[in-house]
Amino acid sequence: MNRSSKKTCRKGLPAVGFIPVFPRNPMAIFISDTQKSICLNFGLAEKYNGKCNLRFDDTNPTKENIEYVNSIRADVKWLGFDWEDREFYASDYFEKLYELAAYLIKKGKAFVCDMTVEEMAAGRGTPTIPGKESPWRNRSPEENLDLFARMRKGEFTDGTKVLRAKIDMSSPNMHMRDPVMYRIMRANHHRTGDKWCIYPMYDWAHGQSDYLENITHSVCTLEFEVHRPLYDWFLDNLDIQENRPRQFEFARLNLNYTVMSKRKLLELVEGGYVNGWDDPRMPTVSGLRRRGYTPASIRTFSEKVGVAKRENVIDMALLEYCIREDLNKNAPRVMGVLDPVKLVIDNYPDDRVEELEATRNPEKPEEGHRIVPFSKNLYIERKDFMEDPPKKFFRLSPGKEVRLKYAYIIRCERVEKDEAGNITEIHCTYDPQTKSGEGSTKKVKGTLHWVSADHCLNAELRLYDRLFEVPDPDDVAEGGNFKDSLNPGSLQVINGLIEPSVKDGVAGQRYQFERTGYFCIDADSSPEKLVFNRTVTLRDSWAKMQGK
RNA sequence: UGACCGAUGGUGUAACGGUAGCACUACAGUUUUUGGAGCUGUCUGUCCAGGUUCGAAUCCUGGUCGGUCAACCA
């Protein structure tokens, strides 16, 4: 937002409501413009004590359908916004828009034009060359009114006539060169059925719908900036003085390591590079939802991103920060081993099983604890053991001690290997004096997560990573394609072992797998086959150190 | 070769004409039964040139760079 629009906001809202406006028809809400716009609109309304309407600008029946509307509605609701009973459609106003158009015709400000699409394109000129006036431009208001009425009645075939605003064919702003207001289009509309065979264009319907809804701030993305003079022209020529809506523009959101254009996203979906619009790698609301993002994290993200008119590229790290911040506070902890290696505690009784108390969430002590079974045979993370460790490796290695989280301190005595030299079993001894919570003062540098071999659950783990390997996939070399930089490792499916407490989790339940990352149960999961999506890893300063 | 819009650390975003702040990132220290989280600190910025002014990120002029606009799409 620029200075003046900000000032307008600060002054408070004249009377009622905010914004509205919905693009129609994405298969999914993209976080780039629609989501940002939703958060912005509803956020502003909240902040300035206004109201935000939800309006679908359904002016083109060939490009809209009820599923689009429903998916937008579901996503907005999921984000946590409530438009109460203020769900509107431009099609609610078709009759009024028709009357307003007739008003302009009577004033000599609009005319019916018989040019073909090609003729019109040819006569439009270019930004530097003025266009030519339509030969039909000077029909009388009476004739125009009659023709317009007959357009509505269906007396003309599709594409043979349009209603145009009479403005200025030599304007440097192409949108002011007698823009089309209505076209003839015999298409079934998802709300008005076959009642109409003429449909208003966006520019015509939009501002007038804002006016009819008493909108004060109509917010849209930057590319509509050049439409604003037309937006205002309609209001002026309709002689609207009171309660004039005003259009404000903001820059859409760009994120690195992904693409944001609908066309490219569609290409990824149709080419099978991802599994649909709600693939957890997609920058869509439904994708992020499935990935495990919370509505709160997306709203926080939208706030942190800010609003301005300059082009911007937001670092994916900010999005990740927002979800980690939320999940750290709210996700219950659980232990899960992604790449298991067997660990045997030689001095632990064969048939003994201890039920250990493990903190559910250290950020919320009031949530108490869960029970985790501990026994002689365990699995730990393969990378938590090194036979020949570098310095500063605080994990397990021969002769060294670590704590098994919530359990005991153990010492590695020896390892077994297969013929290829891979470690198959790590043999340890435990110190019975060091049980968690029993006051042992013995300190060790490292703490490992683990699962009990006889009690753990198998689970499919879908490890997601950024979709592209480069920050700006759109920046392609000659002859290249944005898909060239697709990250082949953006989805890795593995089998992991998880502590038994997750067995009753339902789809959508989020956890922190201690020391590894945040995961949520996918919709594909079942009691027979658990499936988790990795939302985001934990920050890993050890990995970072090693990377250097 | 037109019109419109924009330009503040690596990335975003603030600052009635009056101390350039906040967040993310990065780095360092501290703490820790998650190498997580927390806490403390550090680095890096007003596109350029003129002008107005006691004083300019802010106002003016001219450049430079970037974006947008020529569907019966939205």
Side-chain angles (χ1 to χ4, degrees), chain A residues 2-3 7 21-26 57-60 62-64 113 115-117 120-121 124-131 158-164 171-177 179-185 198-199 201-203 205-206 220-229 249 251 253 256 303-322 324-325 328-329 333 335 358-359 362-363 392-395 402-407 409 434 436-437 440 443-449 471 512-517 537-545:
Chain A
N2 61 22
R3 243 160 224 276
K7 276 177 190 156
V21 175
F22 274 102
R24 38 25 125 164
N25 82 44
D57 282 332
D58 50 354
T59 56
N60 187 345
T62 64
K63 295 194 177 174
E64 292 138 13
C113 179
M115 289 169 94
T116 64
V117 180
M120 234 193 265
R124 193 160 19 234
T126 72
T128 52
I129 301 167
D158 288 15
T160 55
K161 283 183 166 50
V162 291
L163 183 72
R164 292 224 257 168
S171 169
N173 184 338
M174 300 296 290
H175 298 280
M176 300 297 272
R177 320 248 262 223
V180 173
M181 292 170 64
Y182 277 92
R183 73 282 216 192
I184 303 172
M185 187 188 273
I198 57 171
Y199 290 97
M201 298 289 287
Y202 163 84
D203 282 312
H206 184 79
C220 60
T221 47
L222 236 38
E223 64 269 28
F224 289 97
E225 215 158 18
V226 280
H227 294 238
R228 180 147 40 94
E249 306 87 15
L253 165 72
N256 58 16
E303 273 166 41
K304 287 189 185 296
V305 152
V307 189
K309 293 184 80 166
R310 75 181 94 158
E311 292 295 317
N312 60 79
V313 182
I314 308 293
D315 198 330
M316 189 64 95
L318 184 62
L319 222 205
E320 293 177 347
Y321 167 83
C322 292
R324 284 192 185 113
E325 186 193 36
N328 173 54
K329 288 195 190 88
R333 271 56 170 176
M335 290 193 287
T359 309
E363 304 289 324
K392 295 241 180 134
F393 184 80
F394 301 149
R395 281 107 104 138
V402 294
R403 172 172 288 284
L404 291 178
K405 183 123 185 169
Y406 309 120
I409 290 177
T434 58
S436 275
S440 163
K443 295 281 178 202
V444 286
K445 277 289 211 179
T447 302
L448 308 186
H449 62 280
Q512 183 197 103
F513 286 10
E514 298 208 51
R515 304 210 307 134
T516 68
T537 61
L538 251 33
R539 295 182 67 202
D540 188 347
S541 54
W542 168 241
K544 206 176 274 181
M545 264 167 78

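Note that the coordinates shown come from a computational prediction; the quantities given were computed from them, not determined experimentally. The sequence lines fix the lettering, A, B, ..., with proteins before strands; numbering per chain opens at 1.
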> Taking the same atom, P, in rG17(B) and in rC24(B), what whole-Å distance lies between them?
Replying inline: 29 Å

> Under 6.0 Å between the ring centres of Trp542(A) and Phe394(A)?
Replying inline: no

>> Classify Val162(A) by what it touches in the nucleic acid, base, sugar-phosphate, or nothing, heavy-atom distance under 4.0 Å.
In response: base

>> Taking pairing as Watson-Crick or G-U wobble with both contacts under 3.5 Å, can you name the mate of rA74(B), or confirm there isn't one?
In response: none

> Between rG35(B), rA14(B), rG6(B), which one does the side chain of Arg310(A) approach most closely?
Replying inline: rG6(B)

>> Within the 4.0 Å heavy-atom criterion, would you say Pro362(A) contacts the bases, only the backbone, or no part of the nucleic acid?
In response: base

> Between rC27(B) and Lys544(A), is there an OP1 or OP2 to side-chain N/O distance shorter than 4.0 Å?
Replying inline: yes

>> Regarding Lys443(A), tell me which of base, sugar-phosphate or nothing describes its non-hydrogen contacts under 4.0 Å with the strands shown.
In response: sugar-phosphate

>> Is it the case that rU34(B) (base atoms only) and Arg515(A) (side chain only) share a donor and an acceptor within less than 3.5 Å, ignoring hydrogens and angles?
In response: no

>> Using 0.5 Å steps for rounding, measure from the CG atom of Leu319(A) to the CG atom of Leu253(A).
In response: 8.0 Å

> Are the side chains of Lys405(A) and Leu448(A) in touch, meaning some heavy atoms are under 4.5 Å apart?
Replying inline: no

> Does a side chain donor of either Ser436(A) or Arg403(A) reach within less than 3.5 Å of an acceptor in the other side chain?
Replying inline: yes

>> Any strand counts, and the cut-off is 3.5 Å on both contacts for Watson-Crick or G-U wobble. Which nucleotide pairs with rU53(B)?
In response: none

Nucleotide N/O to protein N/O under 3.5 Å, stretch nucleotides 63-71 of chain B:
unit_1, atom_1, unit_2, atom_2, d
rG67(B), O2', Glu311(A), OE2, 3.3
rC69(B), O2', His175(A), NE2, 3.3
rA70(B), O2', Arg124(A), NE, 3.1
rA71(B), OP2, Arg124(A), NH2, 3.3

>> Just the rounded figure in Å: distance from C1' of rU33(B) to CE of Met335(A).
In response: 11 Å

> Taking the same atom, P, in rU11(B) and in rG18(B), what whole-Å distance lies between them?
Replying inline: 27 Å

> What is the nucleic acid contact for Gly437(A), judged by heavy atoms within less than 4.0 Å: base, sugar-phosphate only, or nothing?
Replying inline: base

> Where does rA7(B) land, syn or anti, once you apply the within-90°-of-0 test for syn?
Replying inline: anti

> Quick one: is rG12(B) close enough that its OP1 or OP2 comes under 4.0 Å of any side-chain N or O from Lys304(A)?
Replying inline: no

>> Does the structure show a Watson-Crick or G-U wobble partner for rU44(B), both distances under 3.5 Å? Name it, or say none.
In response: none

> Just how far, in rounded Å, is C1' of rG35(B) from CG of Leu448(A)?
Replying inline: 11 Å

> Is the shortest heavy-atom distance from the side chain of Gln512(A) to the side chain of Arg333(A) under 4.5 Å?
Replying inline: yes

> Going by heavy atoms in the side chains, are Lys304(A) and Tyr321(A) under 4.5 Å from each other?
Replying inline: yes

>> Under a 3.5 Å threshold, yes or no: a donor from one side chain and an acceptor from the other, between His175(A) and Asp203(A)?
In response: no

> Does a side-chain heavy-atom distance below 4.5 Å link Glu514(A) with Tyr406(A)?
Replying inline: yes

> Taking atom C1' of rG12(B) as reference, at what distance in whole Å does atom CG of Asp315(A) sit?
Replying inline: 9 Å

> What integer number of Å spans the P atoms of rC4(B) and rG63(B)?
Replying inline: 13 Å

>> Can you check the distance between rU52(B) and rU61(B), where both ends of the measurement are the P atom (answer in whole Å)?
In response: 15 Å

>> Which is more 5' along RNA chain B, the nucleotide nearest Gly446(A) or the one nearest Met120(A)? Just name the residue.
In response: Gly446(A)

> Nearest-Å distance, CZ (Arg395(A)) to C1' (rG36(B))?
Replying inline: 12 Å

> Which base, if any, makes a Watson-Crick or G-U wobble pair with rU34(B), both distances under 3.5 Å?
Replying inline: none

>> Say we look at rC47(B) and rU13(B): how far apart would their P atoms be, to the nearest angstrom?
In response: 14 Å

> Considering every strand shown, what is the Watson-Crick or G-U wobble mate of rG21(B) when both distances are under 3.5 Å?
Replying inline: rU13(B)

>> Can you classify the ring geometry of Phe224(A) versus Tyr202(A) as parallel (below 30°), tilted (30 to 60°) or perpendicular (above 60°)?
In response: tilted

> For rU58(B), which nucleotide in any strand shown is its Watson-Crick or wobble partner with both distances under 3.5 Å?
Replying inline: none

>> Under 4.0 Å, counting only non-hydrogen atoms across every strand here, what does Tyr406(A) touch: a base, just sugar-phosphate, or nothing?
In response: base

>> From the set rU33(B), rC5(B), rG35(B), return the single nucleotide nearest to any side-chain atom of Lys405(A).
In response: rU33(B)

>> Can you check the distance between rG9(B) and rA15(B), where both ends of the measurement are the P atom (answer in whole Å)?
In response: 16 Å

>> Base, sugar-phosphate or nothing for Phe513(A)? Non-hydrogen atoms, less than 4.0 Å.
In response: nothing

> Reckon Arg324(A) touches a base, only the sugar-phosphate, or nothing at all at heavy-atom distances under 4.0 Å?
Replying inline: nothing

> Using a cut-off of less than 4.0 Å, is there contact between a side-chain N or O of Ser171(A) and OP1 or OP2 of rA3(B)?
Replying inline: no

> When the P atoms of rU25(B) and rG66(B) are considered, how many whole Å apart are they?
Replying inline: 31 Å

> Over how many whole Å does the gap from Leu538(A) atom CG to rU34(B) atom P extend?
Replying inline: 12 Å

> Looking at side-chain heavy atoms only, is the closest gap between Thr516(A) and Leu538(A) below 4.5 Å?
Replying inline: no

> Which atoms form the tightest heavy-atom contact between Ala251(A) and Asn312(A), and what is the distance?
Replying inline: CB-ND2, 3.8 Å

> Whole-Å distance between rA3(B) P and Arg177(A) CZ?
Replying inline: 13 Å

> For rC39(B), which nucleotide in any strand shown is its Watson-Crick or wobble partner with both distances under 3.5 Å?
Replying inline: rG29(B)

>> Whole angstroms only, please: what is the CE-P distance between Met316(A) and rG12(B)?
In response: 15 Å

> What integer number of Å spans the C1' atoms of rC48(B) and rC39(B)?
Replying inline: 43 Å

> Nearest-Å distance, CD1 (Ile314(A)) to P (rU25(B))?
Replying inline: 14 Å

>> Tell me whether the side-chain N/O atoms of Arg183(A) come closer than 4.0 Å to OP1 or OP2 in rC73(B).
In response: yes

> Between Glu320(A) and Arg539(A), is the closest basic N to carboxylate O distance under 4.0 Å?
Replying inline: no

>> Under 4.0 Å, heavy atoms only, any strand: does Met115(A) hit a base, just the sugar-phosphate, or nothing?
In response: base

> Any stacking of Tyr202(A) on rA74(B), going by centres under 5.5 angstrom and planes within less than 30 degrees?
Replying inline: no

> With both distances under 3.5 angstrom, what nucleotide forms a Watson-Crick or G-U wobble pair with rG66(B)?
Replying inline: rC5(B)

> Under 4.5 Å between any side-chain heavy atoms of Asn60(A) and Asp58(A), yes or no?
Replying inline: no

>> For rC73(B) and Asn60(A) - does any side-chain N or O of the residue sit under 4.0 Å from the phosphate oxygens OP1/OP2?
In response: yes

> Do Pro127(A) and Met174(A) have side chains that get closer than 4.5 Å, going by heavy atoms?
Replying inline: yes

Could you list the protein-to-nucleotides 38-41 of chain B atom pairs, N/O on both sides, closer than 3.5 Å?
none

>> As a test of reading the structure: which of rU34(B), rC73(B), rU1(B) is closest to the side chain of Thr128(A), going by heavy atoms?
In response: rU1(B)

